[in-house]
Amino acid sequence: MTEPSSGSDLAGVRTTAVRDGESYIINGSKIFITNGIVGDLIVLVTKTDPARKAKGVSLFLVDTSLPGYRKSRNLKKLGNKAQDTAELFFDNVRVPASSMLGEEHGGWKVLMSELVQERTLVAVRAASTCEAALEATIRYVKDRKAFGQAVFDFQNTRFQLASCATKTQALRIFTDRCIDLHTKGELDMHTAAMAKLYSTEVQDEVLDACLQLHGGNGYMWEYPIARMWADARVHRIYAGTNEIMREIIGRAL
Ligand SMILES: Cc1cc2nc3c(=O)[nH]c(=O)nc-3n(C[C@H](O)[C@H](O)[C@H](O)COP(=O)(O)OP(=O)(O)OC[C@H]3O[C@@H](n4cnc5c(N)ncnc54)[C@H](O)[C@@H]3O)c2cc1C
């Protein structure tokens, strides 16, 4: 999906696919593509009618061994370092017409339905990260001593953890409900947007409080909480930013 000049404005993609006999010729570029380095078959968002916005979008399954396809180096990220992220370039890549996914100009509809699942996945990840962070932090503060007592025994620590535990449980219940609706095919766009928005904002509150309770160790890569904090930050950005989630929810009110 994402291109250097259009991320949030997904309908503004400029990569084109032009029909030529039994093929399409693809030109353009993509950025921030997860698994772009290792992927050998990608789902590509193109414009088959550049004059139209969402109504000119078509999807293709592209074999990355085709001539004219090129990928960048692995981009250096703040977190999620085990996962690759790349720029992709398409220079007159000829693909068979049969590699179109769905109907011509019908890509937007497919994207909108699949993004519901992607946003639910982010919520699941955020909710499970909160649970893991809470567990790690309770263990840490019960063991760590300051002023001759366990850090857990300060009222502030228990209050902070009580807030985190409450938010985490509420998040789990909402996320489970979204999973339930999704498995029945009933999760709508704005509820998935709420799940993505709410889960990732709660996740940042919980992770920040948990990291703080670790003191300096919380900033050290060898402690899982540091990695969780760094890995989770992107959740408010990808799968549609949280500002775009607010737009989607606002439109449905
Ligand atoms: C690690 C990582 C992995 C990714 N993986 C993928 C991937 O596999 N495939 C893929 O297609 N993309 C991927 N992305 C891209 C991601 O989805 C985009 O970065 C995201 O959608 C935001 O687009 P942008 O970066 O162009 O920001 P911009 O659209 O330039 O936004 C900049 C800021 O402006 C705000 N903004 C924009 N429009 C509005 C508006 N209408 N109202 C209010 N505020 C607005 C945004 O919320 C943001 O805060 C990935 C990104 C990262 C960081």
Side-chain angles (χ1 to χ4, degrees), residues 1-17 26-48 53-54 56-64 69-90 93 101-102 107-126 129 189-190 192-201 203-204 207 226-253:
M1 292 178 283
T2 307
E3 299 186 358
S5 61
S6 60
S8 300
D9 183 13
L10 182 53
V13 294
R14 293 187 186 167
T15 297
T16 54
I26 297 175
N27 279 289
S29 67
K30 299 285 170 185
I31 196 167
F32 306 144
I33 304 305
T34 305
N35 295 328
I37 301 283
V38 296
D40 51 15
L41 187 71
I42 58 167
V43 180
L44 184 69
V45 179
T46 70
K47 280 276 176 68
T48 37
K53 288 203 87 180
V57 171
S58 300
L59 307 182
F60 286 89
L61 280 171
V62 179
D63 174 348
T64 62
Y69 174 88
R70 196 163 54 82
K71 60 197 173 191
S72 70
R73 67 192 159 80
N74 190 4
L75 301 174
K76 286 197 167 173
K77 303 193 292 297
L78 189 149
N80 291 307
K81 293 176 192 291
Q83 170 200 66
D84 79 59
T85 307
E87 272 182 277
L88 309 179
F89 305 96
F90 305 85
V93 177
L101 194 60
W108 191 257
K109 214 172 125 191
V110 179
L111 284 174
M112 291 306 109
S113 85
E114 294 307 309
L115 283 170
V116 164
Q117 172 155 312
E118 188 181 20
R119 288 169 187 156
T120 310
L121 275 172
V122 173
V124 169
R125 205 172 150 186
T129 301
M189 192 67 162
H190 67 273
M194 285 176 181
K196 199 265 179 185
L197 171 68
Y198 180 72
S199 64
T200 58
E201 300 206 339
Q203 151 219 283
D204 275 6
L207 288 179
R227 247 181 86 175
M228 286 184 212
W229 186 83
D231 289 351
R233 183 59 182 84
V234 76
H235 290 168
R236 280 165 52 207
I237 298 170
Y238 66 20
T241 66
N242 281 14
E243 290 70 34
I244 297 301
M245 297 307 103
R246 286 190 162 85
E247 278 292 328
I248 294 169
I249 299 159
R251 268 184 243 137
L253 299 178

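These figures come from a predicted structure and were not determined experimentally. All ligand and atom numbering here is 1-based and tracks the order in the structure.
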Taking every non-hydrogen atom, the tightest pair across [X] and [Y]:
X: Met245; Y: Ala239; answer: CE-O, 3.7 Å
X: Ala17; Y: Phe60; answer: CB-CE1, 3.4 Å
X: Thr64; Y: Gly39; answer: OG1-O, 3.2 Å

**Message:** Please tell me whether Phe90 and Tyr69 form a close aromatic pair, meaning their ring centres lie under 6.0 Å apart.
**Reply:** yes
**Protein residues having a heavy atom less than 4.0 Å from any atom of ligand 1** = Met1, Thr2, Gly7, Ser8, Phe32, Ile33, Thr34, Lys77, Val234, Ile237, Tyr238, Ala239, Thr241, Glu243, Ile244
**Request:** Please lay out, stage by stage, how Glu3 and Thr15 fare under the test side-chain hydrogen bond (donor to acceptor under 3.5 Å, both in side chains).
**Result:** CA-CA 8 Å; Glu3 299 186 358; Thr15 297; 2.7 Å; yes
**Request:** Applying side-chain contact (heavy atoms from CB on, under 4.5 Å) between Asn27 and each of Thr46, Thr16, Val93, report the one that passes.
**Result:** Thr16
